[in-house]
Amino acid sequence: MVTIVRKEAAAQEHTPAVSEDRLLAAMARGETGALEEFYSRTRTAVYAFALSILRHSEDAEDVMQETYIHAFGAAASYRSQGKPMAWLMTIVRNLSLKKLEERGRTVQSEELPEPVDHTDFTRLSADRMLLQAAMELLTPEERQILLLHSTAGLRHRETAALLNIPLATALSKYHRALSKLKKYLEEET
């Protein structure tokens with residue numbers, strides 16, 4: 001019994017959420033090495049979420065950079081509840097919406113996706129091109145829900161709270177997005 005409890009405690013100590021909590025605490029103390037590690041662990045999810053909102057790679061990169069600057073400065077105000085990614089994605093969302101406002105654009109739930117710049121496909125692999133085309137079939141909200149859950153690792157409840165939508169809506173849109181992707185990929189392969 002004691003061995004099981006110790007194993008569970010050890011497993012909890014090494015979960016990404018706990019480690020990211022510790023990294024945020026180190027960032028609050030001004031440790032730049034912690035910021036580097038936090039960045040390396042979360043950059044893909046941050047960029048993907050920003051891109052899903054902004055639909056422009058340079059703006060997504062700008063928001064990603066601003067996110068880590070903000071996170072480093074605000075790390076002391078983070079209150080550990082085992083949800084560092086939800087905290088970080090809230091920053092990404094707010095900065096992305098601010099960027100849209102600066103550009104005179106807004107996000108609406110059922111907004112049609114904007115055209116994507118296809119000029120640099122020569123360096124992309126066929127799989128990446130296929131996935132990108134499939135992702136364009138999704139509404140912006142479906143894309144965000146899918147990326148927050150699959151890339152950022154947020155639970156559906158956290159995703160719903162972040163996007164200010166009911167849990168049932170988040171779940172149905174997530175499953176709808178998966179169905180669309182599956183159907184498209186089956187037809188294309």
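All heavy atoms count here, side chains included; hydrogens, waters and symmetry mates do not. One-based numbering along the sequence shown.
- The distance from the CE atom of M27 to the CD atom of E36 is 11.0 Å, given to the nearest 0.5 Å.
- Side-chain contact between R41 and L23 is present, with at least one heavy-atom pair separated by less than 4.5 Å.
- Proximity of M85 to R155: side-chain heavy atoms (C-beta onward) are nowhere separated by under 4.5 Å.
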Problem set entry | Derivation and outcome, side-chain contact (heavy atoms from CB on, under 4.5 Å), residues L148 and L163 | CA-CA 10 Å; L148 284 170; L163 298 176; 4.2 Å; yes
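- No side-chain heavy atom of K99 sits less than 4.5 Å from a side-chain heavy atom of H56.
- Under the side chain to side chain donor-acceptor pair (under 3.5 Å) rule, K173 has a single partner from E141, E142, Q144, which is E141.
- Here the shortest heavy-atom pairing between A34 and A26 reads CB-CB, 3.5 Å.
- In this structure, L88 CG and Y78 OH are separated by 10.0 Å, a value rounded to the nearest 0.5 Å.
- In this structure, the side chains of M89 and V46 come closer than 4.5 Å at one or more pairs of heavy atoms.
- Between Y174 and H149, the ring-plane angle classifies as perpendicular under the 30° and 60° cut-offs.
- With rounding to the nearest 0.5 Å, the separation of CD in E66 from CD1 in I69 is 7.0 Å.
- A heavy-atom distance below 4.5 Å is not found between the side chains of L137 and L181.
- Summarising the local packing, CD of Q65 is surrounded by 12 or fewer heavy atoms from other residues, nucleotides or ligands at distances under 6.0 Å.
- A donor-acceptor pair under 3.5 Å is absent between the side-chain atoms of R157 and the main chain of L154, judged by distance alone.
- In this structure, F49 and S52 have side chains that are in contact, with non-hydrogen atoms separated by less than 4.5 Å.
- Within the 4.5 Å cutoff, side-chain heavy atoms of I145 are placed close to those of I165.
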For this session: With side-chain contact (heavy atoms from CB on, under 4.5 Å) as the test, would you mind laying out the steps for R55 and E136 before giving the verdict?
Result: CA-CA 10 Å; R55 306 283 293 149; E136 288 181 28; 4.1 Å; yes
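- Summarising the geometry, atom CZ belonging to R22 is positioned 15.0 Å from atom CZ belonging to F38; distances are rounded to the nearest 0.5 Å.
- The shortest distance between side-chain heavy atoms of N164 and R93 falls below 4.5 Å.
- Counting all heavy atoms, side chain and backbone alike, E31 lies closest to F72 at O-CE1, 3.9 Å.
- Distance CG/L185 to NZ/K180: 13.5 Å, rounded to 0.5 Å.
- When all heavy atoms of L162 and A86 are compared, the pair lying nearest together is CD1-O, 4.4 Å.
- To the nearest 0.5 Å, atoms CG (D21) and CH2 (W87) are separated by 10.5 Å.
- Between the side chain of Y68 and the main chain of R43, a donor-acceptor pair closer than 3.5 Å is present.
- Linking Ile, Leu, Val, Met, Phe, Trp and Tyr residues whenever their side-chain heavy atoms come within less than 4.5 Å leaves L171 and L147 in two separate clusters.
- Across S96 and L54, no two heavy atoms sit closer than the pair O-CD2, 3.4 Å.
- Considering every non-hydrogen atom in both A160 and A170, the closest pair reads CB-CB, 3.9 Å.
- Considering all non-hydrogen atoms of both residues, S57 and Y47 come closest at CB-OH, 3.3 Å.
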